[in-house]
2 protein chains.
Amino acid sequence: MGTEKVERRVFNNNDDCPIRNVVAQIGDKWSMLILFSLVEGPDRFNALKSRVVGISQRMLTQTLRDLEREGYVTRTVYPEVPVKVEYELTEMGRGLVKPLYELVSWAQVNHNEIKRSRKAYDNRN
Amino acid sequence: MGTEKVERRVFNNNDDCPIRNVVAQIGDKWSMLILFSLVEGPDRFNALKSRVVGISQRMLTQTLRDLEREGYVTRTVYPEVPVKVEYELTEMGRGLVKPLYELVSWAQVNHNEIKRSRKAYDNRN
DNA sequence: CAGTATCCTTGGGGATACTG
DNA sequence: CAGTATCCCCAAGGATACTG
């Protein structure tokens, strides 16, 4: 038998790569936190701001706009005085949260082992 | 009945948040692509470099070190001449790939709808 | 209340040259 | 082959002030 040539997957950076085009979009600092905040139901701008601890007004606005553009979130303006704006997950947004939740659950379970690994690595380097 | 106060989750930015401490780490530009490249088996530095299209030598090294530090990847040096270095997923790394795969599958399925949403958003803005 | 508009800083990441 | 070492740049994101 000769050597066997194994064909291995190549990860291109074109527009069809779902990692680079879909996952990358929610891999920023705030997207996931906002999505999870909205799982419990629609919420208003300033309520979100106080629940996503540490986010600035600027980044909350910007990230919500991005999530809206992707189709994960709807923005509804109620013309009261003062104005009231509610953000809510779309059906697609709720669908996205499921695999994200699996990921976060995994992270919770493995958090301690990861912390241990970091310490061990830092000690031997 | 009075108004009902619904207790909503708050996302703090302390060290115990798995999103900010575990997921954030793999939310960078290259980590996921490298993890998926290694699913098919151990691989060498330059082989990885050519499969993860577009990555620079610098970022491949750096990201591999980070993945090693987290405990997702092992680095094995074979003292041949020239030296041979193999990277391989740990058991934890293989565990992480599962929820990641769910996420990427979701992304693939919904990629078209997301693209449509982006266009619609851009047209009305 | 729910944002804009500006300014500014940091660090993620690219390009290139060099090495055990 | 598998990296370091530098230099450099841009964009993500923070802080602050202002507004319909």
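Letters A, B, ... mirror the listed sequences (proteins, then strands); counts begin at 1.
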Nucleotide C/dG14, atom P - distance to NZ of B/Lys49 in whole Å:
10 Å
Between C1' on C/dT4 and CG on B/Asn125, what's the gap in Å once rounded to a whole number?
15 Å
Starting from the C-alpha separation in whole Å, work towards a yes-or-no answer on salt bridge (Lys or Arg N to Asp or Glu O under 4.0 Å) for A/Glu40 and A/Arg51.
CA-CA 12 Å; A/Glu40 301 160 53; A/Arg51 291 172 59 217; 3.4 Å; yes
Hey, which sits more toward the 5' end of DNA chain D by its nearest nucleotide, B/Leu64 or A/Asp28?
B/Leu64
B/Asp43, B/Leu60, B/Leu64 screened by side-chain contact (heavy atoms from CB on, under 4.5 Å) with B/Tyr87, the one that passes:
B/Leu64
Measure CG/B/Asp66 against C1'/C/dG11 and give the value in whole Å, please.
13 Å
Under-4.0 Å side-chain N/O to phosphate OP1/OP2 contact, A/Arg44 with C/dC1:
no
May I ask you to decide if A/Gly71's main-chain N or O and B/Arg118's side chain share a donor-acceptor pair within less than 3.5 Å?
no
Would you say a side-chain N or O of B/Tyr87 is under 4.0 Å from OP1 or OP2 of D/dC1?
no
Grab the NZ-C1' distance between B/Lys29 and C/dG14 for me, whole Å please.
8 Å
Under 4.0 Å between a side-chain N or O of A/Arg75 and OP1 or OP2 of C/dA2?
no
Would you kindly give the CG-to-C1' distance between A/Leu60 and D/dG13, to the nearest whole Å?
13 Å
Quickly work out the A/Arg65 CZ to C/dG3 P distance and round it to whole Å.
5 Å
Which comes earlier along DNA chain C counting from the 5' end, the contact point of A/Val83 or that of A/Arg58, where each point is its nearest nucleotide?
A/Val83
Options C/dG3, D/dG3, D/dC1, nucleotide nearest the side-chain atoms of B/Pro82
D/dC1
Using side-chain contact (heavy atoms from CB on, under 4.5 Å), reason through A/Val97 and A/Tyr72 one step at a time and then give a plain yes or no.
CA-CA 10 Å; A/Val97 167; A/Tyr72 304 146; over 6 Å; no
Round to a whole Å and report the spacing from CE of A/Met59 to P of D/dA11.
14 Å
Would you say the side-chain atoms of A/Thr63 pair up with the backbone N or O of A/Ser31, donor to acceptor, closer than 3.5 Å?
no
Could you state the atom-to-atom distance from CD of A/Glu68 to C1' of C/dG3 in whole Å?
13 Å
Any strand: nucleotide that pairs with C/dT19 via Watson-Crick or wobble, under 3.5 Å:
D/dA2
